[in-house]
2 protein chains.
Amino acid sequence: MFNEQEKEALYRIIHTRRDVRTFLPDPIPEEAVMRLLEAAHHGPSVGFMQPWNFILITQGEVKARLAWAADKERRALAIHYEGKRQDQFLQLKVEGIQQAPLTICVTCDPTRGGSHVLGRNSIPETDLMSTACAIQNMWLAATAEGLAMGWVSFYKKNDVRDILGIPPHIEPAALLSVGYTEHYPSMPILESAKWEKRRALDGLIFKEAWGTRPDITP
Amino acid sequence: MFNEQEKEALYRIIHTRRDVRTFLPDPIPEEAVMRLLEAAHHGPSVGFMQPWNFILITQGEVKARLAWAADKERRALAIHYEGKRQDQFLQLKVEGIQQAPLTICVTCDPTRGGSHVLGRNSIPETDLMSTACAIQNMWLAATAEGLAMGWVSFYKKNDVRDILGIPPHIEPAALLSVGYTEHYPSMPILESAKWEKRRALDGLIFKEAWGTRPDITP
């Protein structure tokens, strides 16, 4: 169905994708934005509920308010770190909302599809997990399009609801900054900042039961 | 960075990916399984916490117990549907755990990375969303490899914890059946079963604020 080159393309895109926080002001072609949203909309969803909406934000004033909400949260979180770790935290650039020409707020509507969404009744958080799958599709699409994307998760949901007029029952699942960048990172920025390391995959694999390490691979 | 063919490959993989519930017994080459897990492990994660583990299940006895847990939940859920909708529900094949040669239980450890994971402190469910992004990477990799995957979300988490010996604080986020299939669906099975329809993307896009439809696209 897919040849070696197509497989390689996917793996290369998956390995190239990074969380980016530094953007150029250049606008994004309308067709590219629509391809990103199409990719997201073709993500899987529990009971095929498609719980997502996409709020596209390009106005400077709205972006400034979102950046304010993110910065407020960043300053509040900094208080939980001490000494050297706090300095290190405050030096991290945690978002690029005002730099990026486009922010996409991806929301999740837990009521979509009615009271008995197939599969969601057993595990309610599958609606948010579906939304995350849509975001991952969008992120890979952005990477393939030569765009950079950053997932901002520093905010109080009610601040974002207030700024964007989102109803109380809708989850503002993510703020995604999208744009071009001159500084596409070759490794995760939290890895190059020596904040966290990539774990060895082998240590994360078990066989038949939790804690049982495979002697031979599957 | 990526040429037109590579972009097209990604979009074709995204559009081909389906939730599959019918599998052939043929085993999966070990290298292919490792490529799926590598793809998952290169998913994004909040604060680079990499909260996932992968339990590979191939033993018939363990699969039978997981299938039992899924079937018990399916029968319990059926009670919530009435009349024609119940008949329709009971006709759906909701899982293929015993048919598929491999089941992967993907877990999420909310304690990984310590008490102050960057970004997760603001939105705790970003750990599960990170795990979902890893699953989506794996799903696209499976599609590219010519494999079929099904995400089973019909179970009580504590049943799955009991069967696989998963500690109480670890989330069994998904059971994924993986294998080859002779019946790769061209559209979502819940769409062909007339359970749900794909929504029009245009209706899901807002501009600058919730509820504001774009007159011109971004």
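Note on naming: letters A, B, ... go to the chains in the order of the sequence lines (proteins, then strands), and numbering restarts at 1 for each one.
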Please state whether the side chain, the backbone, both or neither of [X] comes within less than 4.5 Å of a heavy atom of chain B.
X: Ile170(A); answer: side chain
X: Glu8(A); answer: neither
X: Thr143(A); answer: both
X: Arg17(A); answer: side chain
X: Tyr11(A); answer: side chain
X: Glu171(A); answer: side chain
X: Asp19(A); answer: neither
X: Ala173(A); answer: both
X: Arg74(A); answer: neither
X: Glu38(A); answer: both

Worksheet item: When only heavy atoms count and the cut-off is under 4.5 Å, which of residues 155-162 of chain B reach chain A?
Response: Tyr155(B), Lys157(B)
Leading residue by heavy atom contact count with chain B [cutoff under 4.5 Å; candidates [options]]:
options: Lys7(A), Lys63(A), Met1(A); result: Lys7(A)
options: Glu6(A), Gln50(A), Glu73(A), Glu125(A); result: Gln50(A)
options: Cys133(A), Gly165(A), Ala9(A); result: Cys133(A)
options: Gly146(A), Gly203(A), Gly47(A); result: Gly47(A)

Where do [X] and [Y] come nearest, in terms of heavy atoms and distance?
X: Ala144(B); Y: Leu10(A); answer: CB-CD2, 3.8 Å
X: Thr126(A); Y: Ser153(B); answer: CG2-CB, 4.1 Å
X: Val117(B); Y: Tyr81(A); answer: C-OH, 4.3 Å
X: Leu77(B); Y: Ser122(A); answer: CD1-OG, 3.2 Å
X: Ile13(B); Y: Phe2(A); answer: CG1-CE2, 3.5 Å

Between [X] and [Y], is any pair of side-chain heavy atoms under 4.5 Å apart?
X: Leu140(A); Y: Asn137(B); answer: yes
X: Trp151(A); Y: Val46(B); answer: no
X: Trp210(A); Y: Leu164(B); answer: no

Worksheet item: Can you list the steps and then say if Leu92(B) with Leu118(A) is a side-chain contact (heavy atoms from CB on, under 4.5 Å)?
Response: CA-CA 10 Å; Leu92(B) 290 171; Leu118(A) 205 80; 4.0 Å; yes
Fill in: Reported CD1-to-NE2 distance for the pair Ile14(B) and His41(A), which is rounded to 0.5 angstrom
13.5 Å
Discussion item. Would you compute the distance between atom OG1 of Thr212(B) and atom CG of Leu56(A) and round it to the nearest 0.5 angstrom?
Written reply: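 Thr212(B) OG1 to Leu56(A) CG: 11.0 Å, rounded to 0.5 Å.
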Item to complete: Would you mind checking which part of Pro188(B) comes under 4.5 Å of any heavy atom in chain A, side chain (CB onward), backbone (N, CA, C, O), both or neither?
Response: side chain
Practice prompt. Using non-hydrogen atoms and a 4.5 Å limit, figure out which bit of Thr107(B) sits close to chain A: side chain, backbone, both or neither.
Written response: side chain
Discussion item. Show me the pairs that pass side chain to side chain donor-acceptor pair (under 3.5 Å) and involve residues 187-200 of chain A, at least two apart or across chains.
Written reply: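 Sorted result for residues 187-200 of chain A: empty, none.
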Worksheet item: Does Glu208(B) use its side chain to pair, donor to acceptor, with the backbone of Gln59(A) at less than 3.5 Å?
Response: yes
